[in-house]
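Heads up: the structure comes next, in structure tokens.
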Amino acid sequence: MRDPAEGGAAMRAGQPVLAVLATGGTIASRRGTDGAARPGLTGQELLALAPPLPAELRVQELLAKDSASLTLADMQRISDAVGAQLADPAIAGVVVLHGTDAMEETALLVQLQHLPAKPVVFTGAQFAADDPRSDGPHNLADALQAALRPAPGVALVFGGRVLPAWGLYKHASDSPQAFCRAAEEEPTVTRALPAPVSRLRVDIVAAHPGSDGLHLDASVAAGASGIVVSAMGSGNATPDLVAAIARARAQGIVVVVSSRVPRGLLAPIYGGGGGGHDMRRAGAIHARLLRPGQARILLAALLANGCPEAEIARAFEAAPV
């Protein structure tokens with residue numbers, strides 16, 4: 001952390017205070033002798049690469065993980081840490097340094113649990129710190145600037161863009177502009193869902209042409225509280241998968257259907273035995289906007305808070321008011 005005397009001087013000068021939470025990811029990664037990039041840089045080391053800022057920066061070293069390795073318990077730990085910083089009246093905003101593989105999931109969890117009245121900004125990098133194309137320092141500088149603006153809520157700052165958390169997905173693995181939104185819509189959830197999701201199991205089951213119910217049945221047998229189907233098209237699959245959804249619903253498991261198609265609004269209009277209309281008749285909820293990763297987080301948050309199925313359905317299927 002920065003020198004305490006320096007921090008005190010900043011406070012006396014009336015400078016705002018930003019919390020910076022380091023969790024690992026590509027932004028903190030360098031290649032080892034084996035050629036593999038792994039998180040190793042601390043948040044303080046990353047801040048040393050950013051230009052000077054008229055603010056006091058308080059760094060918390062939270063995790064050092066690739067975000068593909070994060071569990072729901074890890075995401076909850078990050079959300080709890082953000083909540084603790086938001087509760088501190090001295091903090092003007094929060095910046096979370098995070099891996100890109102699951103950034104939109106953790107960002108949505110923070111939004112759902114806290115509905116922040118202060119800016120919470122997630123950022124990271126597509127290229128490791130020692131890569132000639134390294135984009136971490138630029139993204140970090142932009143994120144710190146964004147956290148100083150009076151813009152409540154959770155956003156991603158990445159590749160020169162500021163994107164709200166709702167509806168995000170990662171659309172590129174090799175571009176500095178890594179994220180897009182499925183559609184430009186406001187959230188359908190307007191109340192906080194604060195209960196922790198750490199102990200829940202919510203699975204994503206991928207559908208493909210000819211898929212059967214094996215994987216969905218296995219999720220039920222493994223104790224999943226909820227299941228998201230990553231379906232095709234506007235949310236379509238096969239008759240066998242529809243039958244598996246009906247079996248899961250008979251056991252009280254909430255099933256949400258999303259799509260592997262990245263953009264656009266989804267509608268359960270197709271029949272034929274395996275279409276979205278058939279899944280809905282089998283008891284599934286059709287995600288209108290959220291893609292599988294964020295659908296899983298929303299479903300986990302709703303289940304953790306004991307929301308009735310009617311409320312869960314509205315959160316996924318209703319248009320924003």
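FYI, side chains are in, hydrogens and waters are out, and symmetry mates aren't considered; it's all heavy atoms of this structure.
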Please examine the side chains of Leu46 and Leu140, heavy atoms only from C-beta on, and report whether any two atoms are closer than 4.5 Å.
yes
Any heavy-atom pair between the side chains of Ile91 and Leu86 that's under 4.5 Å?
no
Asp88 and Arg58 ion-paired at < 4.0 Å:
yes
Residue set satisfying side-chain contact (heavy atoms from CB on, under 4.5 Å) with Val162, at least two apart, ordered chain then number -> Ala155, Val157
Can you name the residues that form a salt bridge (charged side-chain N to carboxylate O under 4.0 Å, His left out) with Arg181, not counting sequence neighbours?
Glu184
Flag the pair Lys170 and Glu105 as a salt bridge only when some basic side-chain nitrogen lies within less than 4.0 angstrom of an acidic carboxylate oxygen.
no
Could you tell me if Ser69 and Asp66 have a donor-acceptor pair between their side chains, going purely by distance under 3.5 Å?
no
If you take all heavy atoms of Asp135 and Phe127, which pair is closest and at what distance?
OD1-N, 3.1 Å
What's the shortest heavy-atom distance between His98 and Met103, and which atoms?
O-CE, 3.2 Å
Indicate every side-chain donor-acceptor pair of residues 211-221 with a distance under 3.5 Å to a residue at least two apart or in another chain.
unit_1	atom_1	unit_2	atom_2	d
Ser211	OG	His208	N	3.4
Ser211	OG	His208	O	2.9
Asp212	OD1	Leu214	N	3.0
Asp217	OD1	Arg247	NE	3.3
Asp217	OD1	Arg247	NH2	3.3
Asp217	OD2	Arg247	NH2	2.8
Ser219	OG	Asp203	OD2	2.9
Ser219	OG	His215	O	3.4

Answer yes or no: is there a donor N or O on one side and an acceptor on the other, between the side chain of Ser234 and the main chain of Ala267, under 3.5 Å?
yes
Between Gln113 and Gln76, do the side chains contain a donor N or O and an acceptor N or O under 3.5 Å apart?
yes
Sequence neighbours excluded, the answer for side-chain contact (heavy atoms from CB on, under 4.5 Å) partners of Arg296 is Leu72, Val202, Ile204, Val228
Taking the basic N atoms (NZ, or NE/NH1/NH2) and the acidic carboxylate oxygens, is any pair closer than 4.0 Å for Glu317 and Arg280?
yes
Donor-acceptor pair, distance only, cut-off 3.5 Å: does the side chain of Gln294 make one with the backbone of Leu108?
no
What's the spacing between Thr26 OG1 and Leu97 CG if we round to 0.5 Å?
12.0 Å
For the residue pair Glu45 and Gly40, what are the closest heavy atoms and their distance?
OE1-O, 4.1 Å
Restricting to side-chain contact (heavy atoms from CB on, under 4.5 Å), what partner residues turn up for Leu115, sequence neighbours left out?
Gln111, Ala192
Across all chains, not counting sequence neighbours, the side-chain contact (heavy atoms from CB on, under 4.5 Å) partners of Ala282 are Val242, Ile245, Ala246
When every non-hydrogen atom of Ala129 is compared with those of Arg30, the smallest separation belongs to CB-CG, 4.2 Å
Between Tyr270 and His277, is the ring centroid distance below 6.0 Å?
no
For the student: nearest non-hydrogen atoms of Ala319 and Thr188, plus distance:
C-CG2, 4.2 Å
Does His286 use its side chain to pair, donor to acceptor, with the backbone of Ala313 at less than 3.5 Å?
no
Do you know which two heavy atoms are closest between Leu193 and Ala301, and how far apart they sit?
CD1-CB, 4.1 Å
Taking 4.0 angstrom as the limit, do Glu185 and Arg288 come out as a salt bridge?
yes
Are Cys180 and His171 side-chain neighbours, meaning at least one heavy-atom pair lies under 4.5 Å?
yes
Would you check, one step at a time, whether the test side-chain contact (heavy atoms from CB on, under 4.5 Å) holds for Val154 with Trp166?
CA-CA 9 Å; Val154 180; Trp166 184 262; over 6 Å; no
Arg281, CZ: over 12 other non-hydrogen atoms inside 6.0 angstrom
no
